[in-house]
Peer 1: 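Next up is a structure, given as structure tokens.
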Amino acid sequence: MREFLLISLLLLGGLAHAASESYPLDSEAERERFNTLTSELRCPKCQNQSIADSNAPIASDMRAEVHRLVQQGESNEAIMEAMTSRFGEFVRYKPELDQRTFLLWFTPLIVVVIGVAAVALVVVRSRRASSENEPVLSETDRRKVDGWLSENASPSDNDEAQGRS
């Protein structure tokens, strides 16, 4: 049993080592650029995985291309432009703001503004409706009503009004 576990661990370690790819770079700054760029590019095959996290063959090819461009000293913008020209704007997690992506960037803000405007409109309309439906009695009418109520009140109502039961 121990031999089987030892052989299994060795095989898994060998597979993990074979699956991981190394991209040697000259400096730590280039390594950070590489890591940043690969985390900002979306894998075209996998759903919501960056090419840094994806195990898809196309992600591996994209990582190799980013590595090659970083080694050549290309700027981040040039690398992102090369990737988007080849794979489309979809590969960018943060697409640039232009006419095509305007709604993508501003739709949440537009929805919030429309929601606030709708709530404000409902509140204003309900306040107007409640102020228009209030009965309006003049002071003279109010006195007449109070007089009628006191004349027509039953003796038990008067007792209750005075606190006797």
Side-chain angles (χ1 to χ4, degrees), residues 1-139 142:
M1 184 69 177
R2 284 184 177 177
E3 294 168 350
F4 175 73
L5 285 175
L6 183 61
I7 291 172
S8 298
L9 288 175
L10 287 174
L11 286 175
L12 288 174
L15 288 175
H17 180 69
S20 68
E21 301 168 81
S22 64
Y23 296 99
L25 293 167
D26 294 336
S27 67
E28 187 62 31
E30 285 184 343
R31 184 175 319 284
E32 280 191 35
R33 278 187 55 212
F34 174 77
N35 289 336
T36 301
L37 288 168
T38 56
S39 66
E40 290 179 354
L41 289 168
R42 183 188 323 234
C43 176
K45 184 174 182 181
C46 306
Q47 290 188 353
N48 266 347
Q49 276 191 322
S50 68
I51 62 170
D53 298 334
S54 175
N55 291 327
I58 192 163
S60 176
D61 293 344
M62 291 173 74
R63 282 192 300 267
E65 182 66 15
V66 169
H67 179 256
R68 185 183 66 80
L69 292 172
V70 168
Q71 278 187 324
Q72 289 179 351
E74 295 289 336
S75 68
N76 289 354
E77 293 80 24
I79 293 171
M80 293 301 266
E81 180 62 32
M83 289 293 153
T84 55
S85 68
R86 172 128 188 226
F87 298 103
E89 195 71 28
F90 172 78
V91 296
R92 298 183 75 153
Y93 277 115
K94 297 176 188 172
E96 291 183 3
L97 178 61
D98 61 9
Q99 289 180 341
R100 293 176 301 134
T101 60
F102 179 80
L103 285 178
L104 178 68
W105 281 99
F106 292 106
T107 296
L109 179 64
I110 292 169
V111 168
V112 168
V113 168
I114 289 173
V116 168
V119 169
L121 183 67
V122 167
V123 168
V124 167
R125 282 188 175 180
S126 68
R127 285 186 179 175
R128 281 186 188 162
S130 65
S131 67
E132 290 174 358
N133 293 334
E134 285 184 10
V136 178
L137 289 177
S138 66
E139 192 60 34
R142 187 176 305 237

Peer 1: Checking Glu89 now: which residues fulfil side-chain hydrogen bond (donor to acceptor under 3.5 Å, both in side chains) with it, not counting sequence neighbours?
Peer 2: none
Peer 1: Looking at NZ of Lys94 and CG of Leu104, how far apart are the two atoms once the value is rounded to the nearest 0.5 Å?
Peer 2: 13.5 Å
Peer 1: Measuring from atom OG of Ser75 to atom CG of Leu69, what distance do you get when rounded to the nearest 0.5 angstrom?
Peer 2: 9.5 Å
Peer 1: Run the numbers on Thr84 and Phe90 for side-chain contact (heavy atoms from CB on, under 4.5 Å), then give the verdict.
Peer 2: CA-CA 8 Å; Thr84 55; Phe90 172 78; over 6 Å; no
Peer 1: Do Glu81 side-chain atoms and Glu77 backbone N/O form a donor-acceptor pair below 3.5 Å?
Peer 2: no
Peer 1: For the pair Trp105 (side chain) and Asp98 (backbone), establish whether a donor and an acceptor sit closer than 3.5 Å, ignoring hydrogens and angles.
Peer 2: no
Peer 1: Where do Gly88 and Val91 come nearest, in terms of heavy atoms and distance?
Peer 2: O-CG2, 3.2 Å
Peer 1: Taking only residues at least two apart or on different chains, which pairs with a member in residues 32-59 satisfy salt bridge (charged side-chain N to carboxylate O under 4.0 Å, His left out)?
Peer 2: none
Peer 1: Find the distance between OG (Ser60) and CD (Glu65) and round it off to the nearest 0.5 Å.
Peer 2: 12.0 Å
Peer 1: Does atom CZ of Arg31 have more than 12 heavy-atom neighbours, drawn from other residues, nucleotides or ligands, at distances under 6.0 Å?
Peer 2: yes
Peer 1: From Thr38 OG1 over to Ile51 CD1, what is the distance, rounded to the nearest 0.5 angstrom?
Peer 2: 5.5 Å
Peer 1: Walk me through it: do Leu41 and Tyr93 pass the test side-chain contact (heavy atoms from CB on, under 4.5 Å)?
Peer 2: CA-CA 6 Å; Leu41 289 168; Tyr93 277 115; over 6 Å; no
Peer 1: Hey, what do you get for CD (Gln72) to NE2 (His67), rounding to the nearest 0.5 Å?
Peer 2: 11.0 Å
Peer 1: Going through the checks in order, is the side-chain contact (heavy atoms from CB on, under 4.5 Å) test met by Asn35 and Tyr23?
Peer 2: CA-CA 10 Å; Asn35 289 336; Tyr23 296 99; over 6 Å; no
Peer 1: So with a 6.0 Å cut-off around CD of Glu96, is the heavy-atom count from everything else above 12?
Peer 2: no
Peer 1: Just do the side-chain contact (heavy atoms from CB on, under 4.5 Å) check on Ile58 and Cys43 with the steps written out, would you?
Peer 2: CA-CA 7 Å; Ile58 192 163; Cys43 176; 4.2 Å; yes
Peer 1: Got a second to check how far Ser54's OG is from Arg63's CZ, nearest 0.5 Å?
Peer 2: 6.5 Å
